[in-house]
A.B. asks: 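For reference, the structure I am asking about is given below.
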Amino acid sequence: MHNRWTLVTTWFLLSATGQAVAGGGPPSSDTTLLEDGEKIYQQYCASCHGIEGEGMPNWERQNAQGELPAPPHGPEGHTWKHSDAMLYRIVSEGWRDPWNKTERLTMPAFKEILTPAETRDVVNYLKTLWTPEQRRHQAEESEGAPFPAQSE
Amino acid sequence: MKNIASRFLHALSLASLVVASLGIVGVAGAAEEALPSLSYDQTGERLLKVDSHQLFQSINGGETWREIPLPEEGKEGRVVTAAVPATAEKALYIAGPSIGVQRSTDHGESWHEVDEGLPSQDVIAFTVHRNQPETLYAVVVDDGLYQSEDAGKSWKKMDSGPTQTIRRLLHSDMEGSMQTGWLYAVSDDAVRLSMDCFCGWRPTGELDAGRVYDVAYDLDDPERVYVTTDQGLWRSDNGGQEWQRVNGDGTEKVALTLAPAGTLYALDRDGELMRSEDQGQTWTIADA
């Protein structure tokens with residue numbers, strides 16, 4: 001679990017590489033937003049993706065039900081390959097792998113549960129789990145595909 | 001003669017996303033067997049073939065072939081692939097170890113390197129996005145997969161790729177991707193698949209068939225995919241989740257492509273073209 005100082009340091013690294021996370025506001029409010037994001041993560045996401053974002057065991061293979069388990073969000077996963085727009089969409093609308101043997105959304109849709117701002121905060125929190133290199137890659141991918149405007 | 005020439009020019013002017021996933025000539029430095037490669041340019045309605053370090057096109061289903069000039073380096077024998085984007089652009093791309101990625105907009109009269117943003121010119125596989133003519137994918141040996149979204153002006157590393165060396169790469173617009181489509185990667189041992197967000201390689205269905213050579217999908221029905229192997233042809237009706245063996249004629253096919261209406265074309269090791277209209281069960285020599 002990340003403490004305040006980790007968050008502050010991470011915020012510093014993010015802004016140092018020119019990618020201030022929540023855009024706009026002064027440092028203290030960015031840090032607060034990341035803390036909000038972490039709270040949301042622990043409350044709504046950690047049960048499947050792990051307290052530290054470690055994902056489920058054998059997440060790369062379908063389980064006995066023929067479903068892909070929840071993947072990790074850290075450097076070993078591929079959350080960082082998605083743009084802000086895509087991450088927002090995944091959390092908001094949910095997702096299932098098209099090769100799953102079941103039809104249900106294994107990644108639940110959170111649009112009835114989280115506000116647009118909360119959705120954005122939790123996605124920004126996920127970024128603290130990546131390497132600086134991955135954050136840079138993802139920030140570039142997000143240039144043409146940012147968070148939707150209503151999440152501002 | 002005049003007629004052929006004008007049909008030729010017509011075909012070329014139509015050329016849109018010609019991703020002629022032509023052959024692979026092996027890895028830089030390694031004296032590897034150069035297999036011919038084949039692709040279909042939907043807009044130009046032509047077949048593109050790379051064979052013995054030469055590039056050919058046919059606008060009559062392989063009855064006759066016409067050579068497209070390659071750059072000097074290409075003649076020295078390292079063109080792995082030719083490809084044409086599928087829309088509105090008269091670009092023809094070639095790629096291969098030591099030639100990098102080059103582009104011609106005048107039917108091969110002149111070639112321009114578009115690989116400055118790549119770390120090396122040792123490109124061992126290449127493909128063009130199915131619907132985005134400026135989106136290109138190149139595999140650099142011992143490095144990984146690069147993407148360009150501006151027709152080769154700039155490149156970005158997207159992934160280090162599966163652990164097995166990629167021999168052929170093919171973009172598909174099959175549904176279900178988180179992004180815009182999928183990439184099939186053929187290695188000697190298997191066909192693997194990734195969404196074009198590069199968010200994870202997945203194996204395709206069990207395929208215990210020796211060496212795998214090439215993959216192709218039906219342009220009108222992208223879930224229908226064929227793969228050719230040491231032990232013949234296999235077909236999938238669900239994008240590669242499961243493969244069924246096609247009881248073909250037993251001839252070896254090392255390159256494969258599909259034209260509209262499900263016509264399958266294949267090359268044998270000598271670059272001889274075969275055609276099948278019944279999903280690979282019977283084949284005829286195209287120029288017989």
Side-chain angles (χ1 to χ4, degrees), chain A residues 49 53 55-56 58-63 66-103 105-107 109 123 126 129-131 133-145, chain B residues 117 119 129 132 134-135 137 143-150 153-163 172-184 190-206 217 221-225 236-243:
Chain A
H49 289 280
M56 288 181 172
N58 301 315
W59 58 275
E60 284 176 290
R61 300 255 167 277
Q62 286 183 354
N63 59 20
E67 296 176 337
L68 278 186
H73 290 310
E76 73 280 27
H78 35 63
T79 305
W80 63 278
K81 296 286 184 99
H82 301 296
S83 66
D84 286 350
M86 186 58 66
L87 289 171
Y88 188 96
R89 203 184 98 192
I90 294 168
V91 177
S92 174
E93 322 262 314
W95 180 256
R96 64 175 279 282
D97 187 81
W99 286 16
N100 279 1
K101 302 287 182 279
T102 63
E103 290 302 318
L105 286 181
T106 46
M107 162 66 202
V123 168
L126 299 180
L129 307 174
W130 307 339
T131 67
E133 182 61 34
Q134 290 171 341
R135 279 197 285 271
R136 206 171 308 128
H137 180 102
Q138 195 271 347
E140 281 171 30
E141 292 302 301
S142 301
E143 275 165 24
Chain B
H129 191 286
Q132 297 172 6
E134 305 223 313
T135 303
Y137 303 93
D143 185 341
L145 246 149
Y146 287 74
Q147 173 183 309
S148 171
E149 293 182 299
D150 51 15
K153 278 190 214 84
S154 64
W155 292 89
K156 184 174 180 193
K157 182 165 179 177
M158 303 305 286
D159 198 69
S160 34
T163 45
S172 160
D173 60 351
M174 180 170 68
E175 282 179 12
S177 169
M178 284 176 162
Q179 203 122 330
T180 65
W182 301 77
L183 283 154
Y184 287 95
V191 183
R192 295 180 180 79
L193 186 61
S194 170
M195 295 178 190
D196 57 13
C197 44
F198 296 99
C199 35
W201 291 94
R202 62 186 71 205
T204 59
E206 184 108 16
Y217 63 87
D221 179 12
E223 302 237 317
R224 173 158 300 174
V225 186
S236 172
D237 293 326
N238 51 19
Q241 294 178 59
E242 287 109 26
W243 299 106

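The structure displayed is predicted, hence computed values, not measured ones. In the text below, chain A, chain B and the rest are named by the order of the sequence lines, each starting its count at 1.
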A.B. asks: No hydrogens needed, just list the donor-acceptor pairs between chain B and chain A under 3.5 Å.
C.D. replies:
| residue | atom | partner | partner atom | Å |
| --- | --- | --- | --- | --- |
| B:K156 | NZ | A:H137 | O | 3.1 |
| B:K156 | NZ | A:E140 | OE1 | 3.2 |
| B:K156 | NZ | A:E141 | OE2 | 2.8 |
| B:M158 | O | A:K81 | NZ | 2.8 |
| B:D159 | OD1 | A:K81 | NZ | 2.7 |
| B:F198 | O | A:K81 | NZ | 3.0 |
| B:C199 | O | A:H78 | NE2 | 3.2 |
| B:R202 | NH1 | A:D97 | OD1 | 3.2 |
| B:R202 | NH1 | A:D97 | OD2 | 2.8 |
| B:R202 | NH2 | A:D97 | OD1 | 2.6 |

A.B. asks: Is it the side chain or the backbone of B:M195 that comes within 4.5 Å of chain A heavy atoms, both, or neither?
C.D. replies: side chain
A.B. asks: Where do A:P98 and B:G176 come nearest, in terms of heavy atoms and distance?
C.D. replies: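 Looks like CG-O, 3.3 Å.
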